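A short worksheet on the structure shown next.
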Amino acid sequence: MSAAGGMTGALDAGLLDVELPAPEALAVTSLLPWLGLVALLLLTAWLLWWWRFSPRGLARHRLQRLERAARAGRLPPRGVALHLAQALRLGLGLPRLSLQCAPSALPAGQVTRWRDFLVALETARFAPDGCSADAARALILEARYWLRRWPRRPA
């Protein structure tokens with residue numbers, strides 16, 4: 001018996017007690033990356049859906065339509081202001097737009113800006129002559145600002 005043959009027999013004897021995993025277990029572990037990818041895609045789809053169909057997302061979409069209608073002249077500036085107030089109220093989750101509805105989480109400069117915006121919006125909505133088209137577009141831009149900056153959970 002040669003030295004190499006004796007060594008091979010000794011190696012084979014030591015490996016006989018090692019069992020390979022069952023083929024089903026190997027199949028499951030090869031599916032884990034794919035399951036993770038599917039879960040990630042589903043999560044991404046759900047987040048995009050939520051971003052689009054949440055109250056703020058719906059308000060953002062409505063502001064885009066208002067801006068297009070105002071630019072095309074299909075809606076007078078006073079109508080833009082009326083629709084803008086409703087979209088903003090629903091998007092922010094407020095029962096009504098008023099000077100008292102600013103949350104305490106806003107910094108002092110933001111509270112002043114909010115009040116100035118509400119005064120301009122009220123003027124555009126209820127003034128006998130309404131507002132100019134440029135003022136209506138400025139109100140839409142300011143409403144977009146508030147949809148981005150308004151605290152999620154007002155204190």
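What you are looking at is a predicted structure, and each value in this text was computed from that prediction instead of being measured.
- The two atoms that bring L139 and A120 nearest to each other are CD2-CB, 3.9 Å, heavy atoms only.
- W49 meets the ring pair (Phe, Tyr, Trp, His ring centres under 6.0 Å) test with F53; sequence neighbours excluded.
- R78 contributes a side-chain N or O that, together with a main-chain N or O of R125, makes up a donor-acceptor pair within less than 3.5 Å.
- R56 places a side-chain N or O within donor-acceptor distance of the main-chain N or O of L147, the cut-off being under 3.5 Å.
- If you chain together hydrophobic residues whose side chains sit under 4.5 Å apart, W50 and L58 fall into the same group.
- Between A59 and G91 the shortest heavy-atom distance is CB-CA, 3.7 Å.
- Here the side chains of L84 and L66 are in contact, with some heavy-atom distance below 4.5 Å.
- With no hydrogens or angles considered, no side-chain donor-acceptor pair links W114 and Q110 at under 3.5 Å.
- The minimum heavy-atom distance linking A136 with V80 is given by the pair CB-CG1, 4.1 Å.
- Residues D116 and R113 are not paired through a salt bridge, judged by the lack of any N-O separation under 4.0 Å between the basic side chain and the carboxylate.
- For R149, the side-chain contact (heavy atoms from CB on, under 4.5 Å) partners two or more places apart in sequence, or in a different chain, are Y145.
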>> Would F117 and T112 count as a side-chain contact (heavy atoms from CB on, under 4.5 Å) here? Give the steps.
In response: CA-CA 9 Å; F117 168 67; T112 304; over 6 Å; no
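- The cluster map of Ile, Leu, Val, Met, Phe, Trp and Tyr, joined by side-chain heavy atoms under 4.5 Å apart, puts L42 and L35 in different clusters.
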> Please walk me through it: do F126 and L121 pass side-chain contact (heavy atoms from CB on, under 4.5 Å)?
Replying inline: CA-CA 9 Å; F126 300 116; L121 184 60; over 6 Å; no
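- When all heavy atoms of L97 and A85 are compared, the closest pair comes out as CD1-O, 3.5 Å.
- The two atoms that bring P77 and C131 nearest to each other are CB-O, 3.2 Å, heavy atoms only.
- Sorted by first then second residue, the side chain to side chain donor-acceptor pair (under 3.5 Å) pairs that include residues 59-73, not counting sequence neighbours, are R52-H61, R62-Q86, E67-R144.
- Interatomic distance, I140 CD1 to L88 CG, rounded to the nearest 0.5 Å: 11.5 Å.
- Contact detail for L90 and P55: the closest heavy-atom pair is O-CB, 3.8 Å.
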> Does the pair R115 and V111 meet the rule for a side-chain contact (heavy atoms from CB on, under 4.5 Å), with working shown?
Replying inline: CA-CA 6 Å; R115 290 189 178 171; V111 172; 3.9 Å; yes
